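Quick caveat, the model's predicted, so the values are computed rather than measured. Proteins come first, then strands; the chains are lettered A, B, ... in the order of their sequence lines, and each starts at number 1.
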Number of protein chains: 2
Amino acid sequence: MTDITRPVLPPLPVPAPQDDALFVDSIARGFRVLSAFHGASGPLSLGEIAAQSGLTKSAVQRIVHTLRQQGYLRRDPADRGYLPGLRLLDHALDYQRLNPEIARVLPVLMELRAATGERVDFSLRDDLRLVYALRFQSKRGFYAASLIGTSVPLYCTAGGRAILSRLPEDEARSVIARSPLVPYSSRTLTDPAAIMARVAEAREAGYAIAEEQIVAGEIALGVPVLDEAGHPIGAIHVAGSLAEWDADSFARNFAPLAMTAAGSLNRG
Amino acid sequence: MTDITRPVLPPLPVPAPQDDALFVDSIARGFRVLSAFHGASGPLSLGEIAAQSGLTKSAVQRIVHTLRQQGYLRRDPADRGYLPGLRLLDHALDYQRLNPEIARVLPVLMELRAATGERVDFSLRDDLRLVYALRFQSKRGFYAASLIGTSVPLYCTAGGRAILSRLPEDEARSVIARSPLVPYSSRTLTDPAAIMARVAEAREAGYAIAEEQIVAGEIALGVPVLDEAGHPIGAIHVAGSLAEWDADSFARNFAPLAMTAAGSLNRG
DNA sequence: TGCAAAAGTATCGCAAAGCGATACGGTAGT
DNA sequence: ACTACCGTATCGCTTTGCGATACTTTTGCA
């Protein structure tokens with residue numbers, strides 16, 4: 001089984017600290033502290049947090065104190081450093097509950113799960129990455145990576161390419177240019193031209209297929225989900241195992257279902 | 001299907017703003033703003049956030065500005081007020097990844113899911129409530145309430161009673177006394193003595209059974225998960241439908257499996 | 001066993017940073 | 001057209017959080 005404590009994806013596309021303005025609110029500092037854990041694979045000490053977040057140990061001390069009071073941070077049970085706290089889940093729940101896109105997609109995704117029998121999920125775009133927002137597992141499988149909030153890059157995922165295929169050509173190129181093109185598996189495409197070729201195929205077909213771009217043995221089919229204006233905001237995935245399917249049969253079986261599902265969203 | 005935008009549970013046991021000290025960091029203010037959404041069932045305007053959080057509109061304005069920059073808040077796509085932002089999921093993921101209890105429980109829970117074929121989940125105690133941290137659905141069912149971060153009270157859930165059964169008697173009483181004893185369904189027990197009686201049964205049996213305490217038609221079995229010191233920190237649930245099971249057969253089938261699972265954790 | 005390194009806690013004064021009041025432009029809904 | 005109300009902007013005052021320093025405790029290694 002995969003180790004969930006370790007970020008599955010090597011360099012994890014950091015979601016741009018939002019460069020808009022330079023001025024640093026102390027609220028932002030609080031989140032800098034929490035964000036220090038994005039790269040962590042275990043409890044963090046005050047010093048480590050300070051190093052990661054670029055803040056003084058003093059500042060971190062005070063902030064950690066507050067965050068602990070509020071339940072957003074806690075000590076490691078074994079008393080080695082600090083860990084993210086339970087209260088963070090409350091906010092994640094609010095996000096899921098109140099997000100209109102998720103509410104719209106949920107029933108359709110459930111139907112798709114029933115129709116395909118495979119793992120299906122819905123993820124939302126955040127600039128260069130795709131963040132899993134809903135996931136329904138299939139009967140058995142890689143539960144390990146099934147956590148909400150996991151994110152994957154656009155350039156090497158089926159859903160990501162499906163999204164790129166609905167962006168203006170130059171914007172798609174820009175996404176790829178700005179992405180760190182690291183190979184996650186031996187078959188990950190890292191050549192911009194090759195990626196754009198796949199994107200073009202996806203534009204034509206209306207869906208994208210990705211074989212083992214992230215995880216060995218996995219095949220995924222992605223279709224874009226659009227907002228009212230027709231801009232891609234996320235993607236629906238159907239994911240299966242290469243032990244049971246080859247690309248052609250997978251697409252033949254599931255592409256129509258997935259596209260119907262997405263279609264009902266996009267004009268419904 | 002249930003409407004996920006509305007908090008399923010009426011008064012939602014607010015997780016105690018942590019009264020420890022009165023001094024209010026501005027970081028805490030930031031979270032006050034985010035927490036305003038806990039009671040919301042749609043986008044919130046600046047004024048509504050101000051009202052909910054007890055802050056000035058000016059303060060809220062500034063805080064919201066920062067939170068938006070950082071991606072923790074965003075405007076409603078339909079341009080009516082604000083909604084929680086995607087970045088919140090990043091932190092929820094960190095919580096799940098780095099939490100040692102979750103890492104410990106995950107494989108056991110997967111096994112239990114396979115062995116039972118029913119919905120199983122793991123939740124962590126936060127004072128008076130139980131917060132869902134991991135959930136594996138069964139083939140079909142109430143996906144609606146399946147979101148991570150959902151919380152339920154201790155006094156009327158199988159897992160909650162399982163936890164109470166491992167607390168010192170007076171502490172269990174205190175939990176019940178401090179809980180708002182509202183009936184979620186027509187069969188919810190709200191009499192402290194009756195609840196304690198169930199807790200005593202659970203202490204004896206090693207597991208707790210709850211029929212329709214929260215959701216009509218649902219039966220749940222809960223076993224406590226302990227830390228090294230033997231204190232209950234959470235619970236494992238197996239949940240099924242009363243259409244397929246009665247309490248006795250449900251317990252006969254799943255109590256041994258669930259207790260074995262928890263047992264392997266508690267002394268492993 | 002004992003020493004060194006590092007972690008967590010505490011204190012305190014300065015100045016930066018956020019708050020509150022007030023005011024303005026835009027958008028609905030009446 | 002008028003009236004709320006929402007979001008945005010501006011600007012002093014002073015609250016509030018930061019940084020430097022220092023102390024106690026725990027960890028890890030010799």
Side-chain angles (χ1 to χ4, degrees), chain A residues 17-18 20-37 40-85 98 100 228-229, chain B residues 17-18 20-37 40-85 98 100 228-229:
Chain A
Q18 204 58 258
D20 183 323
L22 316 166
F23 73 95
V24 182
D25 296 69
S26 89
I27 290 180
R29 288 200 189 90
F31 284 104
R32 288 263 281 289
V33 166
L34 287 179
S35 298
F37 289 90
S41 58
L44 257 39
S45 74
L46 283 183
E48 290 171 316
I49 295 176
Q52 273 296 320
S53 60
L55 301 172
T56 312
K57 198 180 136 190
S58 299
V60 169
Q61 169 195 195
R62 178 161 192 66
I63 294 169
V64 163
H65 173 75
T66 303
L67 291 175
R68 274 182 72 185
Q69 281 206 141
Q70 309 286 88
Y72 297 107
L73 228 49
R74 59 163 191 165
R75 290 207 64 95
D76 180 79
D79 216 75
R80 293 188 168 286
Y82 299 92
L83 288 173
L98 297 173
E228 292 72 22
Chain B
Q18 205 56 256
D20 183 323
L22 315 165
F23 74 94
V24 183
D25 297 68
S26 91
I27 289 179
R29 288 199 190 92
F31 284 104
R32 288 264 279 289
V33 166
L34 287 179
S35 299
F37 290 91
S41 58
L44 257 38
S45 75
L46 283 183
E48 291 172 314
I49 294 175
Q52 274 294 320
S53 60
L55 302 172
T56 312
K57 199 181 136 190
S58 298
V60 170
Q61 168 195 194
R62 179 160 191 67
I63 294 169
V64 163
H65 174 74
T66 303
L67 291 175
R68 275 182 71 186
Q69 280 205 142
Q70 309 284 87
Y72 297 106
L73 230 47
R74 59 162 192 166
R75 290 208 62 99
D76 180 78
D79 215 73
R80 290 191 171 286
Y82 299 91
L83 288 173
L98 298 175
E228 291 72 23

Trainee: Classify the ring geometry of A:Tyr72 against B:Phe31: parallel below 30°, tilted from 30° to 60°, perpendicular beyond 60°.
Mentor: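 A:Tyr72 vs B:Phe31 ring planes: parallel.
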Trainee: Would you say the side chain of A:Leu83 lies within less than 4.5 Å of the side chain of B:Pro100, judging by non-hydrogen atoms?
Mentor: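 They are in side-chain contact.
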Trainee: By nearest atom, which of the nucleotides D:dG19, C:dG8, C:dG29 is closest to the B:Arg80 side chain?
Mentor: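 So the side chain of B:Arg80 is nearest to C:dG29.
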Trainee: Return no unless some side-chain N or O of A:Arg62 is found under 4.0 Å from OP1 or OP2 of D:dT16.
Mentor: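 A:Arg62 to D:dT16 OP1/OP2: no side-chain N or O under 4.0 Å.
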Trainee: What's the closest nucleotide to the B:Ser58 side chain, out of D:dT8, D:dT27, C:dT22?
Mentor: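 That would be C:dT22.
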Trainee: Does A:Ser26 make a side-chain donor-acceptor contact with the base of C:dA17, cut-off 3.5 Å?
Mentor: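 Answer is no: no donor-acceptor pair is held.
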Trainee: In whole Å, what is the span from the NE2 atom of B:His65 to the C1' atom of C:dC19?
Mentor: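 That distance rounds to 15 Å.
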Trainee: Among D:dG19, D:dT8, C:dT9, which nucleotide sits nearest the side chain of B:Gln61?
Mentor: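 Taking heavy atoms from C-beta onward, the closest nucleotide is D:dT8.
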Trainee: Would you say C:dG20 has OP1 or OP2 under 4.0 Å from some side-chain N or O of B:Thr56?
Mentor: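 Looking at the OP1 and OP2 atoms of C:dG20, one of them is under 4.0 Å from a side-chain N or O of B:Thr56.
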Trainee: Counting only side-chain N and O atoms of A:Arg75, is one of them less than 4.0 Å from OP1 or OP2 of C:dG8?
Mentor: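 For C:dG8, OP1/OP2 do have a side-chain N/O of A:Arg75 under 4.0 Å.
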Trainee: Below 4.0 angstrom from OP1 or OP2 of D:dC18, is there any side-chain N or O of A:Arg29?
Mentor: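 So the side chain of A:Arg29 is within the cut-off, an N or O lying under 4.0 Å from OP1 or OP2 of D:dC18.
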Trainee: A:Ile63 has an atom CD1; how far is it from atom P of C:dG8, in whole Å?
Mentor: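 Taking CD1 of A:Ile63 and P of C:dG8, I get 15 Å after rounding.
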Trainee: Under 3.5 Å, is there a donor-acceptor pair between the side chain of B:Thr56 and the main chain of B:Ala59?
Mentor: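 No; zero donor-acceptor contacts below 3.5 Å.
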Trainee: Assess whether side chain to side chain contact (heavy atoms under 4.5 Å, CB included) is satisfied between A:Val33 and A:Leu73, documenting all intermediate values.
Mentor: CA-CA 10 Å; A:Val33 166; A:Leu73 228 49; 4.3 Å; yes
Trainee: Where each residue is assigned the nucleotide of DNA chain C containing its nearest heavy atom, which of B:Lys57 and B:Val60 is assigned the position nearer the 5′ end?
Mentor: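 Looking at the nearest nucleotide for each, B:Val60 comes out on the 5' side.
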